[in-house]
There are 2 protein chains.
Amino acid sequence: MDDPLARYPGYALRRAATAAGNALNKRLAAQGLRQSSVSVLLLLAAHPGITASALGRKLDIQRANMVPLLKRLEQADLIERRAIDGKSQGLALTQHGAAVCNEARTIVETFESDLMARVPPEHRPHLLPALNALWH
Amino acid sequence: MDDPLARYPGYALRRAATAAGNALNKRLAAQGLRQSSVSVLLLLAAHPGITASALGRKLDIQRANMVPLLKRLEQADLIERRAIDGKSQGLALTQHGAAVCNEARTIVETFESDLMARVPPEHRPHLLPALNALWH
DNA sequence: TATTGTTATACTCTATAACTATA
DNA sequence: TATAGTTATAGAGTATAACAATA
């Protein structure tokens, strides 16, 4: 065998994920966004008022690592914080953030359909359920 | 929808890859190895005498980033270099490196079969070809 | 006591530019 | 001219520990 790694689904998973991630980041860069930013915006659109900690748990990003991520989004006027109580703050999209989120959603959905188009039709319906089984 | 990201294969790909990667790295850490080290060892076992540049091209790792990776493997007495000409050097496993490579292969193959076991049987045969289509 | 938000820090992986020497 | 190996550097992502304030 020329490439002993080609037999390993775990290796293919890593290569496919980095290739796809790089391609998506390239498309998002035009709007000054990255995958992580967009995942926050999309989740915020679905769950307005969610806290930073809860957001981190959903995205599997440590609380401490949410801080600079949210700071950038706030400084770009994409999200805002309002106090829930003395300890927690609810996050929400600004008006501008909602508009950018919609642009991002369009980019992501185009990307996703381009991605699936690369998969041979007979394998296509199996990809998402197989991947979800690996981390759900 | 509770999680707007769950519909996206690209997102599932990212989460599955990082989850699988972390799990594999945890198993490899016992032998002082990581994914990247093992991919080098396995490829070196299949292609003794390959150069660092060629290795990097196969693994999609920049030449410059191969340097510290190979240096660690050399310092651990897993690989050795011998000059091909005044410009290139061939890489090969040392005796110790070959033994560690075999241990690593066992760990990886156990990991891969555990990974596939998580995928429902009807989706299982489709995963590798679908992933390969995304980066080949 | 547990949780929230935060700071600081370190490590890995990755990307780019530049340099020397050799093919 | 193109390639091999290298250095230096910067940007991401991620992990851990610790702290003050609050639930």
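Lettering follows sequence order; numbering is per chain, from 1. As a basis for the values below, the full set of heavy atoms in this structure was taken, side chains included, without hydrogen atoms, waters or symmetry mates.
Distance B:N65 CG to D:dG11 C1': 12 Å, rounded to the nearest Å. Counting to the nearest Å, the P atom of D:dA4 and the CZ atom of B:R82 are 17 Å from each other. Atom pair A:L70:CG and C:dT6:C1' shows a separation of 12 Å (rounding to whole Å applied). Computed from coordinates, the B:Q62 CD to C:dA18 C1' distance equals 14 Å when rounded to whole Å. Atom CG of B:N25 and atom C1' of D:dG13 are 14 Å apart (whole Å). Straight-line distance from the CG atom of A:N22 to the P atom of C:dC13: 15 Å, rounded to whole Å. The interatomic distance linking B:Q89 (CD) with D:dT6 (C1') rounds to 10 Å, in whole Å. When the P atom of C:dT3 is taken as reference, atom CE of A:M66 falls 18 Å away, rounded to whole Å.
Note: the hydrophobic cluster containing A:I107 also contains A:V40 (ILVMFWY, side chain heavy atoms under 4.5 Å, direct or indirect links).
Listed pair A:S53 / C:dG5 meets the phosphate criterion, a side-chain N or O lying under 4.0 Å from OP1 or OP2. Remark: A:R63 is not in phosphate contact with C:dA2, judged by side-chain N or O atoms under 4.0 Å from OP1 or OP2. Taking only side-chain nitrogens and oxygens, B:R34 never comes nearer than 4.0 Å to OP1 or OP2 of C:dC11. Note on B:S36: a side-chain N or O is less than 4.0 Å away from OP1 or OP2 of C:dC13.
In this structure, B:R118 and A:L134 approach most closely via the heavy-atom pair NH1-O, 3.7 Å.
Both B:R72 and B:A64 sit near DNA chain C, but only B:R72 has its closest nucleotide nearer the 5' end. Along DNA chain C, the nucleotide closest to B:G86 and the one closest to B:P68 are compared, and the more 5′ of them pairs with B:P68.
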Practice item. Tell me, with the steps shown, if A:R14 and B:D60 meet salt bridge (charged side-chain N to carboxylate O under 4.0 Å, His left out). Key: CA-CA 11 Å; A:R14 188 153 74 105; B:D60 194 33; over 6 Å; no
